[in-house]
Number of protein chains: 2
Amino acid sequence: MKTVYNIIIADDHKMFVDGLRSILEHEDDLNIVHTTSNGEEVLKYLKINQNEQIDLLITDINMPGMDGIALNKNIKKEFFGIKTLVISMLEDGAKIKTLTENEVNGYLSKNAEQKELLKAIRQILAGENYFSTHIQSILVQAMTNSRKTSEVRLTQREKEVLQLIAKEHTTQEIADILFLSKHTIESYRKNLINKLEVRNLAGLTRYAIEHKMI
Amino acid sequence: MKTVYNIIIADDHKMFVDGLRSILEHEDDLNIVHTTSNGEEVLKYLKINQNEQIDLLITDINMPGMDGIALNKNIKKEFFGIKTLVISMLEDGAKIKTLTENEVNGYLSKNAEQKELLKAIRQILAGENYFSTHIQSILVQAMTNSRKTSEVRLTQREKEVLQLIAKEHTTQEIADILFLSKHTIESYRKNLINKLEVRNLAGLTRYAIEHKMI
DNA sequence: CTTAAAAACCCTGAATTCAGGGAGTTTTTC
DNA sequence: GAAAAACTCCCTGAATTCAGGGTTTTTAAG
């Protein structure tokens, strides 16, 4: 008697779920027991069906309501023995990094081939992690990037000023808002431009937005 | 003898293509003749296989290289009798609007059900257009919005300049890049500030990022 | 208590942006 | 073919930013 692994899929893109299903249904050892379109439903299902051993969760990152990141965190906290494979279209280094830090067992891009998908699933079920070479390189980049750029730790005041700059306030206005001299604000702007290695307001604004400061 | 419709699919997310295929292969009258992962390949295929009548193109919007919008435009210009159904995960009113203006025959979200997909395909093949009520409401919103706020339609040149501004280039640099006088770029910057109702570089940059121009 | 970092402030001068105009040419649209 | 929109270029002058130097005071850490 062969071992059959139980799989849950969470993705709000139904056609994608169909794609997964059509691939997995040809595999005798892989059994899709449930599919949902958001994170909450997965947790609900797991709680109700505690007697059923689930081996693998395949989830998207972006979903309405609880997303893949939060879902994975909750599952690793509350349940045991459930591996997680994240499949997403986005290839955002920072997000993937937080996933690996949260013990996700694998990550695939949605443009992966069937072959790679099955390889990832089998590898994860065997107890290993799976991150494609492509994803690995993105991860490495994100790591080195964070060493480079976030070496620049901004002080609270600098963040305040940066936010106001990004909100289109002039130096004088920021000075008025923070009850400081405009010279002070000019110093901050100058330091920010140096620290963040940008050239002008546009660069500061981009940094602020990219780091979700506004 | 039944009529069989020939379909081409363009989407870089292979698993999604598999999902589509698994749905469509159960339909006797729908025949997938080719799948590609970008727009260029579709055009290449169509040019080589001119004798083969293609009835429907199913395409994503976001693809590496030529995207769905450009692809549809090219197809409507160069080939006849090919309907287009766009399936995308994004629900950006402005983009959908440009699609309808470019004679796309239908639009579906990637979280649509099988049922709706087949309904859309059949309706389009029968000569009608298909836009789900959900999409229609987004469209209406985009229209009314565009009357309110985004009456600001930027020209191609304006977009180019805006992009370069947001990338921290100075006026002189942009002038050099576009082979224009710096006075011209100054005019563009001024007009952009007026049109977009912002105050400075920071505002322009924010607009550019919020509208995904960089 | 000492030292370092952060926060606040000041100065000069060049470069750039911003705001307000005008004006000619080409391209699109009706 | 006329009208509108887009594209290009130019001018002036004020405001602001940018780049390079500073100083002093407060706060945090060893």
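It should be emphasised that the depicted structure is a prediction, and the values quoted were computed from it without experimental measurement. So you know, we letter chains A, B, ... as the sequences are listed, proteins then strands, and number each from 1.
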Presence of Thr155(A) side-chain N/O under 4.0 Å of dA5(C) phosphate oxygens OP1/OP2
no
Without decimals, in angstroms, what is the distance between His183(A) NE2 and dC9(C) P?
10 Å
Does Arg199(B) have a side-chain nitrogen or oxygen under 4.0 Å from the phosphate oxygens OP1 or OP2 of dC18(C)?
no
In sequence, state the C-alpha distance, the side-chain angles, and the governing distance for Asn6(B) and Asn31(B), and then conclude on side chain to side chain donor-acceptor pair (under 3.5 Å).
CA-CA 5 Å; Asn6(B) 288 329; Asn31(B) 176 36; 3.1 Å; yes
Do the side chain of Ser187(B) and the base of dC7(D) come within less than 3.5 angstrom through a donor-acceptor pair of N or O atoms?
no
By nearest nucleotide on DNA chain D, pick out whichever of Glu158(B) and Glu186(B) is the more 5' one.
Glu158(B)
Output the single nucleotide from dC7(D), dC18(C), dC18(D) whose closest atom is nearest the side chain of Arg189(B).
dC18(C)
Interatomic distance where CG belongs to Asn194(A) and P belongs to dG20(D) [whole Å]
7 Å
Provide, to the nearest angstrom, the distance between the CD1 atom belonging to Ile174(B) and the C1' atom belonging to dA15(C).
15 Å
Quick check on DNA chain D: between Lys190(B) and His169(A), whose nearest nucleotide comes earlier from the 5' end?
Lys190(B)
How close or far is atom P of dA19(C) from atom CG of Leu204(B), stated in whole angstroms?
10 Å
Nearest 0.5 angstrom please: Lys159(B) NZ to His211(B) NE2, how far?
10.5 Å
Below 4.0 angstrom, N of the basic side chain to O of the carboxylate: do Lys110(A) and Asp12(B) qualify?
no
dT17(D), dT8(D), dA7(C): which one has an atom nearest the side-chain heavy atoms of Arg157(B)?
dT8(D)
Checking all strands, does Thr184(A) fall into the base, sugar-phosphate, or nothing category for heavy-atom contacts under 4.0 angstrom?
base
Side-chain ion pair, Glu158(A) and Lys195(A), N-O less than 4.0 Å
yes
Name the closest nucleotide to the Ser181(A) side chain, picking from dT17(C), dA7(C), dC10(C).
dC10(C)
Ranking dC18(C), dA8(C), dT17(C) by distance to the side chain of Leu180(A), first place goes to dA8(C)
Under 4.0 Å from OP1 or OP2 of dA6(C): is there any side-chain N or O of Tyr188(A) that close?
no
Given atom CD of Glu160(B) and atom C1' of dC7(D), what is their separation to the nearest angstrom?
12 Å
Using a cut-off of less than 4.0 Å, is there contact between a side-chain N or O of Thr170(A) and OP1 or OP2 of dA15(D)?
no
Would you mind reading off the distance between Ile165(B) atom CD1 and dC18(C) atom C1', rounded to a whole angstrom?
12 Å
Between Glu41(A) and Lys44(A), does at least one N-O distance fall below 4.0 Å, as a salt bridge requires?
no
Have a look at Gln172(A) and say if it touches a base, only the backbone sugar-phosphate, or nothing, with a 4.0 Å heavy-atom cut-off.
nothing
Taking atom types as modelled, find out whether Lys76(B) and Asn105(B) have a side-chain donor-acceptor pair closer than 3.5 angstrom.
yes
Interatomic distance, Lys159(B) NZ vs dA5(D) C1' [rounded to whole Å]
15 Å
Measure from CG on Leu192(B) to P on dT8(D) and round the result to the nearest Å.
13 Å
